[in-house]
Every structure is written in structure tokens, then in C-alpha cells.
Amino acid sequence: MEIKEIYKSALEGGNIGEIVDQMAKYVEHSLVVTDKGFRVLAHSQSYPVTDPIWKEIVKKGFCSYEFVQAIKKLVPDYENIDNNEVFAVECSQSEEQKLVSALLYEGHLLGYLILLDNRKPVQSFQERVLPEFSEILVQVLKRSEGFHRLFGDVLETAVRELIETGDVKRAEERLLSSGFRFPRELYGMAFALQEPKDANMEFVMHAIREAYPGILCIEMNRQIFGVVVRLEPSQFHTIPSPLERMVERIGIGPVAENVSESYKGLKLAARTCEIAKQLRKEERVCSYKEVSIYDLLMSCKERDILLCNLHPGLEILKEYDLKNESELFETLHQFLENDCGIANAAQALFIHRNTLNYRLGKIRELTGIDYHNAQEKFMLLCGYRIWEILSSEEGSL
């Protein structure tokens with residue numbers, strides 16, 4: 001195997017596995033390629049990994065905590081490394097010496113090429129050729145579909161894999177191996193686009209990053225997810241102006257304190273968008289907390305059960321409103337939503353307090369509703385949500 005054959009294979013479109021195999025034959029040592037977050041992208045088959053620790057690394061798909069820390073100790077600013085010169089890494093767990101060369105693209109770190117000594121001496125020519133191999137691998141990676149993903153950090157890679165596979169344990173191990181400390185508060189977000197098929201995803205994600213500084217943006221299958229450490233109270237209710245024409249809805253999941261909760265938060269953020277769209281909610285930004293009761297009720301597939309739990313007073317009010325062109329149905333709704341507070345409910349309805357008191361008296365007269373009964377108030381609030389769900393399914397009840 002000559003080096004010019006490796007170049008030829010790379011130019012002719014050989015995949016990364018094939019190229020790494022050819023490189024391993026040339027240096028007669030095992031080779032492993034990782035991204036910048038230490039996820040294994042490829043490893044040699046022609047010279048297979050024999051070290052037990054590294055066999056486990058290849059099997060798991062990401063480097064050990066000890067190896068990552070050894071690199072951080074040797075190169076404290078390792079994510080901003082600006083050359084592909086070879087450096088040696090030794091770990092107490094593995095007896096093999098590792099020679100490492102960075103994969104760089106236009107000054108940005110993409111990952112690492114790692115040579116394992118297979119417990120035999122490494123010759124000088126083998127060490128000299130690694131930077132050249134790194135440059136070839138960058139050209140191979142440039143052609144790959146997921147090339148843009150290589151610019152992400154450890155958290156981005158872990159979150160992306162989490163969304164793709166749902167493997168929480170793997171994501172936890174990956175973050176632990178990199179020394180990543182999970183923030184105390186992390187919110188998962190989902191962005192439902194106005195025109196997902198025609199949208200320029202890079203442009204939209206740039207706008208999202210501008211609107212939410214520090215957000216980690218991930219695009220998958222024409223959907224955009226986000227992970228952000230902190231949200232201002234106003235951001236739970238208002239869509240940022242740069243996104244108004246691009247994003248139809250934003251869903252926000254519950255706050256997460258670990259990987260498992262983060263995964264759940266991303267799923268619930270996406271679910272929030274789905275529920276808000278089905279119910280045709282006017283609010284374009286919703287948190288799962290605001291729609292969770294709808295999600296619970298929607299999980300009931302038996303329509304008759306939902307109808308049985310629809311408070312009879314609501315139908316009475318609807319029929320009365322249709323016959324008399326009144327607004328008792330919405331009056332009761334706003335009264336309950338405002339915790340039976342006269343002042344706030346009147347303000348929400350844009351009516352005088354005396355008008356509200358008159359309407360509440362009429363509602364009591366028609367339905368016999370007891371405003372002081374906690375159970376009845378709960379069933380009424382659930383009833384309004386059931387009414388919304390059934391209306392959204394049928395167009396109208």
C-alpha cells in the first residue's frame with residue numbers, strides 16, 4: 001500500500017471506513033477517528049483494535065473519561081488547537097501509547113486521528129505521516145452528509161444522538177466521559193416552521209441563535225430543536241420579532257436537571273407544538289405546563305368517556321347563548337380561569353364588575369353551579385378543555 005493510493009481512493013469518493021483501513025495498512029497500526037466531542041466516527045478493520053479498553057471504547061462509540069482528561073491536560077485549550085502536529089497520550093488504564101493528530105478545517109477543530117501502538121514500537125515515518133492522513137480525512141469528511149455536525153461541541157453531539165436514538169444511558173456516559181457538568185436548569189425547545197419544506201434551515205437557525213443567545217440549535221428532518229440554559233419570563237409568552245415570519249409556533253418543555261429529563265423535555269416541547277396547533281391556540285409560544293392537561297385528556301381514546309366528563313352546565317350555557325346572543329359560556333370560562341376573581345375576570349372580558357355579577361347570577365340560575373365547590377370548579381375547567389379538544393377534532397361540537 002502506497003500513500004498515493006490512499007489519496008486516489010479519497011479523491012474517487014471512498015468512504016471514511018475504507019480510507020482509514022488503507023491508512024492502517026500503510027502504518028501497520030490500529031487507527032481510530034473521532035469527532036471533536038470524542039465520538040468514534042471510524043476505526044480500522046484491517047488492523048483491528050486489540051487493547052481491551054479501546055475495544056470497549058469502539059463498542060460504546062465514544063472515548064473514555066480518562067483519555068479525554070489526558071488530552072485536556074496535555075492541551076488545556078484543546079478545542080482551539082490550531083495545528084495537526086502529533087502528540088503522544090498515555091493513560092494508566094491502557095498500556096498502549098496513543099499518537100494523536102487533530103483534524104482541522106479552515107482553522108476549526110473537527111476531531112482527532114488516533115494511532116494505537118498495538119504494543120509494538122512506532123517508527124518515525126509512521127509518526128510523520130499522521131498529519132498528512134489528518135488532512136486527507138478532512139477532505140473525506142467534507143463530502144459526508146453530516147459534515148456540518150462535526151462543528152458541534154460535546155453537548156450538541158450528545159443531544160443530537162439522544163434525539164436520534166433515545167438512548168439516555170449512552171448520552172449520560174458520553175457527557176460523563178467528557179467531564180461535562182449538567183446545568184442546574186436546561187430547557188428543551190421545539191420550533192414549528194411556517195414553511196418547513198421550503199425553509200432555509202441555516203438562516204432560520206441563525207435567527208434563532210440571535211433571538212436566544214447561547215441556545216444550542218439542532219436541525220433534524222426539517223425540524224428544529226433547541227436547548228438553552230436560561231429563559232427570561234417574557235420568552236415563555238412572546239415570539240421574538242425576527243422569527244415571526246419564519247416560525248409558526250414555539251414549544252417549551254419542562255425544566256431539566258439531567259440527561260433523562262432533557263430528553264423528555266425535548267419530546268414534550270415538540271408535543272406542545274402539536275397540541276397548540278390542533279387546538280388552534282392563538283398563543284404562538286406555549287410551555288408544556290400550559291397544555292399538559294390537554295395532553296392528559298387527549299390520551300383518552302374513548303370519546304364517550306370524555307363526553308361523560310363534560311359538565312352538563314356547559315351545554316346548557318352554549319344553547320342559551322345561541323338562542324339569546326349572549327356570552328355566558330365564555331363568561332364562566334374567564335371567571336374560572338381567573339380563579340373566580342371578579343376584578344380580573346371582568347378585565348379579561350372587558351365588562352363592568354356589575355355586568356359580570358349579573359351574568360354569574362344568570363349562570364347559577366340556569367345551571368345550579370356552585371362557585372364555592374372545588375370539585376365542581378375542577379370538573380368545569382376540565383370540561384372547557386374537553387370541549388376544546390372535541391371541537392378541534394370535529395370543527396365544532
Side-chain angles (χ1 to χ4, degrees), residues 159 163 185-196 199 201 204-205 207-257 261-300 306 330 333-339 344-345 347-349 378 380-395:
V159 170
I163 296 170
E185 291 186 5
L186 200 68
Y187 291 95
M189 303 179 73
F191 298 85
L193 305 186
Q194 299 273 16
E195 301 289 342
M201 289 298 183
V204 176
M205 288 198 290
I208 291 172
R209 292 185 188 106
E210 289 286 314
Y212 299 93
I215 193 171
L216 167 63
C217 251
I218 298 170
E219 181 264 320
M220 290 185 62
N221 302 321
R222 310 299 291 175
Q223 289 184 299
I224 296 179
F225 295 91
V227 176
V228 65
V229 172
R230 188 171 180 271
L231 286 173
E232 298 295 334
S234 62
Q235 292 175 316
F236 283 90
H237 307 288
T238 308
I239 191 164
S241 55
L243 303 180
E244 284 182 347
R245 294 185 179 182
M246 294 181 280
V247 175
E248 182 182 20
R249 296 186 183 277
I250 299 174
I252 304 173
V255 65
E257 296 182 358
E261 290 179 2
S262 178
Y263 176 54
K264 187 187 299 180
L266 286 165
K267 288 177 65 179
L268 293 178
R271 178 66 179 146
T272 300
C273 287
E274 292 171 7
I275 293 170
K277 182 178 181 179
Q278 179 179 329
L279 298 176
R280 297 185 288 277
K281 287 216 168 266
E282 293 182 4
E283 299 86 356
R284 293 175 66 187
V285 181
C286 289
S287 67
Y288 183 72
K289 182 180 179 181
E290 296 171 283
V291 300
S292 58
I293 185 65
Y294 294 101
D295 200 16
L296 178 64
L297 293 169
M298 285 174 174
S299 67
C300 175
L306 290 178
E330 183 58 20
H333 188 196
Q334 290 300 327
F335 180 63
L336 293 167
E337 291 292 347
N338 285 279
D339 202 23
N344 289 339
Q347 186 177 7
L349 291 162
F378 173 76
L380 282 165
L381 282 168
C382 284
Y384 273 103
R385 283 150 179 78
I386 292 170
W387 195 285
E388 281 187 74
I389 292 167
L390 296 178
S391 296
S392 72
E393 291 175 350
E394 301 177 3

Between Glu219 and Arg222 (side chain of the first, backbone of the second, donor and acceptor by atom type, cut-off under 3.5 Å), is there such a pair?
yes
Below 4.5 Å, heavy atoms only, C-beta onward: do Thr272 and Ser287 meet side chain to side chain?
no
Kindly indicate whether the side chain of Val228, heavy atoms from C-beta on, has any atom under 4.5 Å from the side chain of Gln235.
no
Please assess Ile218 against Ile224 for the test side chain to side chain contact (heavy atoms under 4.5 Å, CB included), listing each intermediate value before the final yes or no.
CA-CA 6 Å; Ile218 298 170; Ile224 296 179; over 6 Å; no
In this structure, CZ of Arg230 is separated from CD of Glu185 (nearest 0.5 Å) by 8.5 Å
Spacing of CG belonging to Leu380 relative to CD1 belonging to Ile386, to within rounding of 0.5 Å
10.5 Å
Is it the case that the ring center of Tyr187 lies less than 6.0 angstrom away from the ring center of Tyr212?
no
Minimum side-chain heavy-atom gap His333-Glu330 below 4.5 Å:
yes
For the student: nearest non-hydrogen atoms of Phe236 and Val285, plus distance:
O-CG1, 3.4 Å
Any Lys/Arg nitrogen of Glu337 or Arg385 sitting under 4.0 Å from an Asp/Glu carboxylate oxygen of the other?
yes
On a heavy-atom basis, the closest approach of Arg280 and Ser392 is NH2-CA, 3.7 Å
Positive for side chain to side chain contact (heavy atoms under 4.5 Å, CB included) with Arg209, one of Leu216, Val204, Ile215
Ile215
For Gln194, I'd like to know if atom CD has over 12 heavy atoms of other residues, nucleotides or ligands within 6.0 Å.
yes
Ile250 and Pro240 have their tightest heavy-atom pair at CD1-CD, 4.2 Å
Between Arg271 and Glu274, does any NZ, NE, NH1 or NH2 come within less than 4.0 Å of an OD or OE carboxylate oxygen?
yes
Identify which one of Lys281, Met298, Glu290 satisfies the side chain to side chain contact (heavy atoms under 4.5 Å, CB included) criterion when paired with Ile275.
Met298
So, do Ser292 and Leu268 sit near enough that their side-chain heavy atoms are less than 4.5 Å apart?
no
Rounded to the nearest 0.5 Å, what separation is found between the CZ atom of Phe335 and the CG atom of Asn344?
11.0 Å
CG/Leu186 to OG/Ser262 distance, rounded to the nearest 0.5 angstrom?
5.0 Å
Residue pairs, two or more places apart or on separate chains, that pass side-chain hydrogen bond (donor to acceptor under 3.5 Å, both in side chains) and touch residues 237-249
none
Quick one: pull up CE in Met189 and CG in Leu231 and give me the separation to the nearest 0.5 Å.
5.5 Å
If you compare all heavy atoms of Ala348 against all heavy atoms of Asn338, which two are closest, and at what distance to 0.1 Å?
CB-ND2, 3.9 Å
Out of curiosity, Glu388 CD to Gln278 CD, how far, rounded to the nearest 0.5 Å?
10.5 Å
If you take all heavy atoms of Cys273 and Ala190, which pair is closest and at what distance?
SG-O, 3.6 Å
Write down the atom of Leu266, the atom of Gly226, and the distance for their closest heavy-atom approach.
CD2-O, 3.6 Å
